[in-house]
Amino acid sequence: MNKEEYINAVETLNLWAYHYYVLDDPIMTDEGYDKLYHKVVEYEEAHPEDILKNSPTQRVGDVISEGFTKEPHLSRMWSLEDIFDADGLQKWLEKTYRLDKNVTFYCEPKYDGASLNLIYENGELLKGITRGDGTVGELITPNVKTIRSIPLTIEHKKRIEIRGEVVIFKDEFEKINAQRLKAGEQLFANPRNAAAGSLRQLDPSITATRNLVFLPYGVGVNELSHKLLSEKMSYIYQLGFREPPLRRITKGFDEIEAIYEQMKEERESYPMMLDGMVVKVNEIAAQIDMGYTVKVPRWAVAYKFPAVEKITTVKDIVLQVGRTGVVTPVAIVEPTEIDGVIVERATLHNFDEIDRKDIRIFDKVIILRSGDVIPKIIKVLTQERTGNEVKVARPKNCPVCGSELLQEEVLIKCQNLRCEARVVNSIIYFASKQCLNIDGLGVKIVEQLFSAGLVKSVLDLFDLNKEKLLALEGFKEKKATNLLQAIQSAKGCELWRLINSLGIEHIGEVASKMIAQRFGLNFVNAVKEELLEIEGIGEEMAESFLEFLRVNHETVSKLVEVLQPVEPEQQEEAQENPFKGKTVVLTGTMSESRGKIKEKLEALGAKVSGSVSKKTDFVIYGEDAGSKYDKAVSLGVATLNEEEMQELIQ
Ligand code: IVH
């Protein structure tokens, strides 16, 4: 690589990262990125004098600070006045209109994270400062540089402060907590704490692993001449920052209410947590006229969403035994409405978590519920204790079958394969939608069948008859007939459903489908080498599968006999042709539906995939082809238009 190629490579890496982290529309595979990144590192090691300020290698800080130094903001970081309902909005609008009756309002999400001030000079990121008390914060530049949605350099050369919120996306939050749970570490209470904690790490390499995201919401000191806030913000996004999932310029009460309702409805589907909508006067001149109170701007207000955190009381702590035997403590709480949903239970994860938070029966606690986040207790109000609270002891014996429990790292497990809870839950799993999809086999019925001694394993389901069912309480002719029919209709199921229903560790729906496709009914005789040949099946999965079959060979064979599953259709060998065995991606509008073209190509023996990678052989494009086409070109993958494809087929 020479200097010119190095400069180009940095630009390319930054473009790929911008597509990935800012536009949410990747145009390069991780592998492709890593390869070029590696070359850049090699060049920089040989020519340290050439290292560019905006090289992605400059994001990885390896210096651990002993503490953060205080740093003043160039202009104050304000907070916002809160309003909670239409009445509050009405009053705020009246006040605002008294100051200026011609204003319009810019509405955008209020992100729930940690605020951050970025100072750029000469187009370079100079400082990243936490909010602190609004006047002075902490200097955390090395941490900030690890955040990929913050450009290291921008096209704007004058000095500017760009303010925004650092957040962790909801799925990332669940991932981090799952890892921490596994490692026996303390869980983060919510994405906000996780974001704030990650941002203030003394070791920036830890910050780098947390996939933080920066969402700009305004500017401090700046020399921009736009007359409207909406224009200023468009300019900021265009410099390489992320846009909000929804923003709108509104005229007055009705329009603000409408966009508020829309955002409240849609927010569950956004990747980040919101705690409200911010309403800001859009005209900059009017903002300046209106000015600030001692604490907050008069030209902006936070219109909060209903709280997702509530105070309630723990009534009991019960133990649940799952189909794999893991014992999970669950808090039963005083039913509390949060954002339209009644919460009665909150997961406590495991006993290490209970100890760490010191959760006791009758404690007053704060619980959190939000979109995809499972209700959980985030804090015990210890100051409210009366002395009557009761600690729960770690169980020694299974609460269901009484057998001795095994402590396996942070997990406590019931080892008894015949434990009622394990059997009942495996039967429920067996019947669930993604398995055999048998209606009517819920917790109550399965428990009843089990305790009547009628069903001790999934195989017994197929020996049920009307006589047996009618002898049970609550079963009349119709209910019995329906259940028997539902069980019978599982016969002749697709083979992958049977494999999935076995509940083998590490073997989920996708793996079950691949195994069914590769082996058909012969899956019972699969050997390790053959399993490993399947793309996506690794050592651990193969071993788990084989071990399960070894132990349960008889049951599995009987299930196959009873269920008579159908094998997936094996594709007929196609004649020799240019598409046989090739991976093809379709994009854009074509003369026929893409589904039809896909069928044709598959009949020729091609594999039609949804995304472009190095392994793609052809990208076939129609009109208005977008990023997949661009990606093909940048990866050097062959592209064909529809006509060229037809010619090749002929
Ligand atoms: S504007 C002068 N806009 O909420 C304007 N703040 O309660 C001051 N926040 O400290 C802030 N999303 O950290 C603004 N779209 C948004 C916001 C937002 C989140 C945070 C910010 C601020 C706090 C104020």
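Indexing begins at 1, ligand by ligand and atom by atom, following the structure's order. Computed from a predicted model, the values in this text were never measured in an experiment.
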Checklist entry - Taking distance alone, with no angle check, do E108 and ligand 1 share an N/O pair under 3.5 Å? => result yes
Next on the checklist: Regarding T589 and D624, do their side chains bring together a donor and an acceptor under 3.5 Å, going by distance alone?
Outcome noted: no
Checklist entry - Using heavy atoms and a threshold below 4.0 Å, how should the contact between P109 and ligand 1 be classified: side chain, backbone, both, or neither? => result backbone
Next on the checklist: Taking the basic N atoms (NZ, or NE/NH1/NH2) and the acidic carboxylate oxygens, is any pair closer than 4.0 Å for K91 and E94?
Outcome noted: no
Checklist entry - Any idea which part of M77 is under 4.0 Å from ligand 1, heavy-atom wise: side chain, backbone, both or neither? => result neither
Checklist entry - Backbone, side chain, both or neither: what part of V278 comes under 4.0 angstrom of ligand 1, heavy atoms only? => result side chain
Checklist outcome for this item: If you scan protein heavy atoms around atom 23 (C) of ligand 1, the nearest is K110 NZ, 4.1 Å
Checklist entry - Quick one: does Y292 get an N or O within less than 3.5 Å of an N or O on ligand 1? => result no
Checklist entry - What do the steps show when you test R385 against D358 for salt bridge (Lys or Arg N to Asp or Glu O under 4.0 Å), and what is the final call? => result CA-CA 12 Å; R385 283 202 172 138; D358 189 19; 3.2 Å; yes
Item to check | N211 and K175 side chains, donor-acceptor separation under 3.5 Å | outcome: no
Item to check | Atoms in ligand 1 with a heavy atom of R131 nearer than 4.0 Å | outcome: 10 (O)
Checklist entry - Where on Y217 is there a heavy atom closer than 4.0 Å to ligand 1, on the side chain, on the backbone, on both, or on neither? => result side chain
Next on the checklist: For F241 and Y120, take the angle between the two ring planes, folded into 0 to 90°, and tell me which bin it lands in: parallel under 30, tilted 30 to 60, perpendicular over 60.
Outcome noted: perpendicular
Checklist entry - Crowded around K379 NZ? As in, over 12 foreign heavy atoms under 6.0 Å? => result no
Item to check | Polar side chain donor-acceptor pair, E257 to Y303, under 3.5 angstrom | outcome: yes
Checklist outcome for this item: W78 heavy atoms within 4.0 Å reach ligand 1 at atoms 2 (C), 8 (C), 10 (O)
Checklist entry - Do the charged groups of R248 and E255 touch, with an N to O distance under 4.0 Å? => result no
Checklist entry - Under 6.0 Å between ring centres, would you say that holds for Y260 and F305? => result yes
Checklist outcome for this item: At under 4.0 Å between heavy atoms, what of E165 touches ligand 1? The answer is side chain
Next on the checklist: Suppose I only count heavy atoms of P297 and a 4.0 Å limit; which atoms of ligand 1 are within that range?
Outcome noted: 2 (C)
Next on the checklist: How far is atom 12 (N) of ligand 1 from the closest protein heavy atom, and which atom is that?
Outcome noted: Y111 N, 3.1 Å
Item to check | Check ion pair K376-E353 (N to O, under 4.0 angstrom) | outcome: no
Checklist entry - Which is closest to atom 5 (C) of ligand 1 in terms of heavy atoms, D82, L80, V166? => result L80
Checklist outcome for this item: Atoms of ligand 1 under 4.0 Å from any heavy atom of S115, numbered from 1 in the order shown, are 10 (O), 13 (O)
Next on the checklist: Please classify the R163 to ligand 1 contact at 4.0 Å (heavy-atom distances, strictly less than): side chain, backbone, both or neither.
Outcome noted: neither
Checklist entry - Where is the nearest protein heavy atom to atom 3 (N) of ligand 1: which residue, which atom, and how far? => result K280 NZ, 3.0 Å
